[in-house]
Amino acid sequence: MLTLEFYKIGEDEMWLPYVEDGVSCGKPSPAYQQVIRRLSLQQELVKNPNSTLYARVCGQSMIDDGIADNDLLVVDRSLPPESGKIAVCFLDGEFTVKRLQIDSQGLWLIPANQAYSPILVTEENHFIIWGIVTHVIKSLA
């Protein structure tokens with residue numbers, strides 16, 4: 001299971017310098033024109049501020065989906081849970097992040113690491129889908 005710390009999205013916005021034309025991941029472009037604008041990460045990452053929060057990841061069960069220990073998740077509680085979406089869930093007293101899978105057997109929580117097993121949610125479980133993960137913020141330094 002993953003443990004998560006939650007941080008509520010505030011009303012304060014911080015505008016950061018932003019290179020609007022993009023940065024090439026292929027061949028460097030000599031015609032690059034440096035156009036710097038201002039960007040609000042909150043406006044870019046948060047579509048529903050009143051129902052969005054951040055959660056810090058602790059664990060490795062989702063590494064094959066690009067979610068690793070200490071990443072910061074943007075979680076929107078207003079989005080509907082759907083099969084295939086990655087969700088923060090509360091299962092039997094613990095938070096976990098897994099991909100939702102709904103099939104004829106019921107609701108499964110699917111890890112993205114073969115070292116972990118899928119979890120079938122049953123009526124015996126205390127289970128809540130806390131919100132849908134919309135973005136992953138990682139540190140590369």
Side-chain angles (χ1 to χ4, degrees), residues 1-29 31-141:
M1 293 286 171
L2 299 176
T3 58
L4 301 169
E5 295 176 48
F6 289 97
Y7 305 92
K8 182 69 179 149
I9 304 290
E11 295 298 320
D12 297 335
E13 286 190 63
M14 180 173 41
W15 292 83
L16 302 170
Y18 169 62
V19 179
E20 188 173 52
D21 288 348
V23 182
S24 176
C25 284
K27 209 177 211 185
S29 172
Y32 171 72
Q33 296 177 357
Q34 188 173 359
V35 178
I36 296 182
R37 307 228 187 237
R38 294 281 186 196
L39 171 82
S40 164
L41 285 180
Q42 183 165 324
Q43 285 184 359
E44 188 72 20
L45 301 177
V46 178
K47 302 303 178 211
N48 302 303
N50 291 332
S51 59
T52 300
L53 48 89
Y54 297 112
R56 177 85 54 200
V57 175
C58 177
Q60 298 292 329
S61 73
M62 295 300 289
I63 58 173
D64 292 340
D65 276 344
I67 300 173
D69 191 52
N70 211 35
D71 284 351
L72 193 61
L73 304 177
V74 180
V75 181
D76 190 332
R77 298 191 73 194
S78 71
L79 296 176
E82 298 173 359
S83 195
K85 298 283 185 180
I86 296 175
V88 174
C89 303
F90 188 74
L91 178 66
D92 297 331
E94 296 183 41
F95 282 102
T96 187
V97 175
K98 301 286 185 283
R99 188 171 297 278
L100 302 175
Q101 179 181 309
I102 302 166
D103 63 21
S104 61
Q105 293 180 327
L107 172 65
W108 292 86
L109 304 180
I110 306 296
N113 180 337
Q114 291 185 2
Y116 295 82
S117 299
I119 301 166
L120 177 62
V121 178
T122 68
E123 291 182 5
E124 288 77 39
N125 295 116
H126 178 235
F127 178 73
I128 299 168
I129 296 175
W130 196 261
I132 301 300
V133 176
T134 58
H135 297 281
V136 179
I137 302 169
K138 8 177 92 290
S139 174
L140 300 176

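Positions are given from 1, in the same order as the sequence printed here.
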### Query
How many angstroms lie between CG in Asp71 and CD1 in Ile63, if you round to the nearest 0.5 Å?
11.0 Å
### Query
Atom NZ of Lys47 and atom CG of Leu79: how far apart are they, to the nearest 0.5 Å?
11.0 Å
### Task
Pick out which of Leu53, Ile129, Leu73 makes a side chain to side chain contact (heavy atoms under 4.5 Å, CB included) with Val88.
Leu73
### Summary
Value for CD1 (Ile119) from CG (Asn125), rounded to nearest 0.5 Å, stands at 8.5 Å
### Message
Can you give me the closest heavy-atom contact between Arg99 and Met62, atom names plus distance?
### Response
N-CE, 3.9 Å
### Task
Could you verify whether a donor N or O on one side chain and an acceptor N or O on the other, from Thr134 and Asp76, lie under 3.5 Å apart?
no
### Query
Looking only at heavy atoms, what is the nearest atom pair of Pro81 and Ile132, with distance?
CA-CD1, 3.8 Å
### Sidechain-backbone polar pair: Asp65 side chain, Ile67 backbone, donor-acceptor under 3.5 Å
no
### Message
Among Val97, Leu120, Val121, exactly one meets side chain to side chain contact (heavy atoms under 4.5 Å, CB included) together with Leu109. Which residue is that?
### Response
Val121
### Under 3.5 Å donor-acceptor, Asn113 side chain and Gln60 backbone
yes
#### Entry: Gap between atom CZ of Arg56 and atom CG of Asp69 - 0.5 Å precision
10.0 Å
### Message
Pair Val74, Tyr54 - check side-chain contact (heavy atoms from CB on, under 4.5 Å), show working.
### Response
CA-CA 5 Å; Val74 180; Tyr54 297 112; 3.8 Å; yes
### Full working for side-chain contact (heavy atoms from CB on, under 4.5 Å) between Lys98 and Cys89
CA-CA 8 Å; Lys98 301 286 185 283; Cys89 303; 5.7 Å; no
### Query
In Å, rounded to the nearest 0.5 Å, how long is the span from OG of Ser83 to CD1 of Ile110?
8.5 Å
### Query
Among Asp92, Leu107, Thr122, which residue meets the side chain to side chain contact (heavy atoms under 4.5 Å, CB included) test with Phe127?
Leu107
### Query
Which class fits the ring pair Phe90 and Trp130: parallel under 30°, tilted 30 to 60°, perpendicular over 60°?
tilted
### Message
Other residues, nucleotides and ligands only: do more than 12 of their heavy atoms fall within 6.0 Å of CD on Gln114?
### Response
no
### Message
Please find the pair of heavy atoms, one from Thr52 and one from Asn48, that lie closest to each other, and give the distance.
### Response
OG1-O, 2.6 Å
#### Entry: Closest approach of Pro111 to Pro118 (non-hydrogen atoms, all atoms of both residues)
CD-CA, 3.7 Å
### Query
Does Arg77 use its side chain to pair, donor to acceptor, with the backbone of Gly131 at less than 3.5 Å?
no
